[in-house]
There are 2 protein chains.
Amino acid sequence: MASDHTRSAILTAAERLYADRGFSDVTLRDIVAEAGVNLAAVNYHFGSKDELIAELFVTRSIATNRERLRELKAAEEQGGGRAPIEVILHALVGPTLRGCLGPENQRSTAARFMIRASIESVPPIRRIKNREIDHLRKFAGAMRRALPERSDVDIYWGLNFALAMAHHTIRESERLTKLSEGKCDLDDVEDVISRVVSVATMALTAGKAEAKAARVAAR
Amino acid sequence: MASDHTRSAILTAAERLYADRGFSDVTLRDIVAEAGVNLAAVNYHFGSKDELIAELFVTRSIATNRERLRELKAAEEQGGGRAPIEVILHALVGPTLRGCLGPENQRSTAARFMIRASIESVPPIRRIKNREIDHLRKFAGAMRRALPERSDVDIYWGLNFALAMAHHTIRESERLTKLSEGKCDLDDVEDVISRVVSVATMALTAGKAEAKAARVAAR
DNA sequence: GATAGTTTCATACAACTGTTTGAATTGCAA
DNA sequence: TTGCAATTCAAACAGTTGTATGAAACTATC
């Protein structure tokens, strides 16, 4: 396998360019120019452009998922197989938000890349995201154990809304800053996380009757 | 302006193809073939491909926004200038969700197009969405009037989370169906709307102290 | 029915895309 | 050093894309 030099130079350059300019207007020629390697090297080392993008995204999302499961497992072990719902939700959205938000000037290439991936959603990335379901099922399971009196439907909706708030906040962070004229501080990641967690927790723990009543009233 | 025949044939064909196959793999040649018109007609009538896409999206989002404001205005007039927060949120997310969800087999081309636009987010559409801020400010204003004791920051976060839940549910409706093994019924649009509204309402009305405490505890 | 303005058409353009090829070079093992 | 595989390279390939052109067809007005 020799030195890996070319391979990793491509990965680094590609991640940086995609992060800065988005997937749609970065070509292989841009990437190899930035990496200082030959055009054919991409197909030689990765097979195709899509496989290069997939490798970039898989690497980063494996890291996030591992961190999620680490937090979840730690919490469940400490609670004897059952963790509080807030902690489960924290494990679900914390790593994602920490990986993408934070002070802009010190945001890593990886973070900016993941934001792009979240916004643009090109085919190879979409394919990978579709395989994420098994991973989410683990969280659904933990949530069910934490709230055994809750129906499956409510659990899934709670999970869906927690992810919704996290991902949308990442995708639209610029717009939220502009809309709120800077009043919403997206650099304070821990505050964002706790906001998402607390709303998702309320969604999942609000008395069944009263939640149902609120829904009916809203109709 | 003659008969408009060609122009509207292009619009119809384009919306249908984009809805079915997404923006990234539909070309102008596909569109003109479907419309039964000449290739040059697109540039003649719309100027460019991007302007065609923009016109499609603007038409649909104007309709949604008008519906939103209609509901909002009706509610505020009935309440003497101040509407209940649930009703405001209902006006905010109702039209969007109604426009995109519902029984798949009877989903309109327009609905499928808007789902695509929500998933793929191509440049001309992104540009238009960025101009939506003024529209959202009207809702922020109404929410502030409904909850005068609430801080601006909390209002904006609530608005952000409401949109998050609505848009994410649209974007990821397939995944939610698969994850929940069909238990979450996305065809019952009014139920989805009331779920989103009730969670967003809780997020905005939970006692300040207790919400803050929950956030701190979650850290 | 001639004329002016609009619309349609076939066709070409020019540029860019990811991928392939086959030869040159390199690095390592025998 | 020789031989062999892995890697790099310049170049070309094959296809697609959105757009422009200029002539032809149409339409309505006088």
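These numbers come from a predicted model, not from an experiment. Sequence lines set the chain letters: A, B, ... in the order given, protein chains first and strands last, and positions in each chain run from 1.
- Nearer the 5' end of DNA chain C, as judged by each residue's closest nucleotide, is the contact made by B/A41, out of B/A41 and A/K49.
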Please tabulate the protein-to-nucleotide N/O contacts below 3.5 Å involving nucleotides 10-14 of chain C, giving atom names and distances.
unit_1: C/dA10; atom_1: OP2; unit_2: B/N38; atom_2: ND2; d: 3.4
unit_1: C/dA10; atom_1: N7; unit_2: B/N38; atom_2: ND2; d: 3.3

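- Between the CG atom of A/D4 and the P atom of D/dA6 there is a distance of 15 Å, given to the nearest Å.
- Salt bridge status for A/D191 with A/R195: present, with a side-chain N to carboxylate O gap under 4.0 Å.
- As a whole-Å value, the separation of A/F23 CZ from C/dT17 C1' is 18 Å.
- Looking at B/D30 and B/R16, no side-chain N of the basic residue comes within less than 4.0 Å of a carboxylate O on the acidic one, giving no salt bridge.
- Annotation: salt bridge (Lys or Arg N to Asp or Glu O under 4.0 Å) contacts involving residues 88-115 of chain A, sequence neighbours excluded, comprise A/D20-A/R112, A/E71-A/R98, A/R98-A/E190.
- In this structure, B/H5 places its NE2 atom 16 Å from C1' of C/dT6, rounding to the nearest Å.
- In this structure, the CZ atom of B/F46 is 13 Å from the P atom of D/dT19, given to the nearest Å.
- The pair B/E76-B/K73 fails the salt-bridge criterion, with no side-chain N (NZ, NE, NH1 or NH2) lying under 4.0 Å from an Asp/Glu carboxylate O.
- Heavy-atom contacts from other residues, nucleotides or ligands closer than 6.0 Å to CD of A/E132 number more than 12.
- The side chain of B/Y44 has C/dT7 as its nearest neighbour among D/dT19, C/dT7, D/dT8.
- A straight line from CD1 of B/I10 to P of C/dT8 spans 8 Å, rounded to a whole angstrom.
- Here the P atom of nucleotide C/dT7 and the NE2 atom of B/H45 are 6 Å apart, to the nearest Å.
- Formation of a donor-acceptor pair under 3.5 Å by the B/R144 side chain with backbone atoms of B/I155 is not found in this model.
- Remark: side-chain polar atoms of A/N43 are not paired, donor with acceptor, to backbone N or O of A/A40 under 3.5 angstrom.
- If you measure from atom CD of A/E51 to atom C1' of C/dG18, you get 13 Å, rounded to the nearest angstrom.
- For D/dT16, neither phosphate oxygen OP1 nor OP2 lies less than 4.0 angstrom from any side-chain nitrogen or oxygen of B/T27.
- Separating the CD1 atom of B/I53 from the C1' atom of D/dT19 is a distance of 15 Å, rounded to the nearest angstrom.
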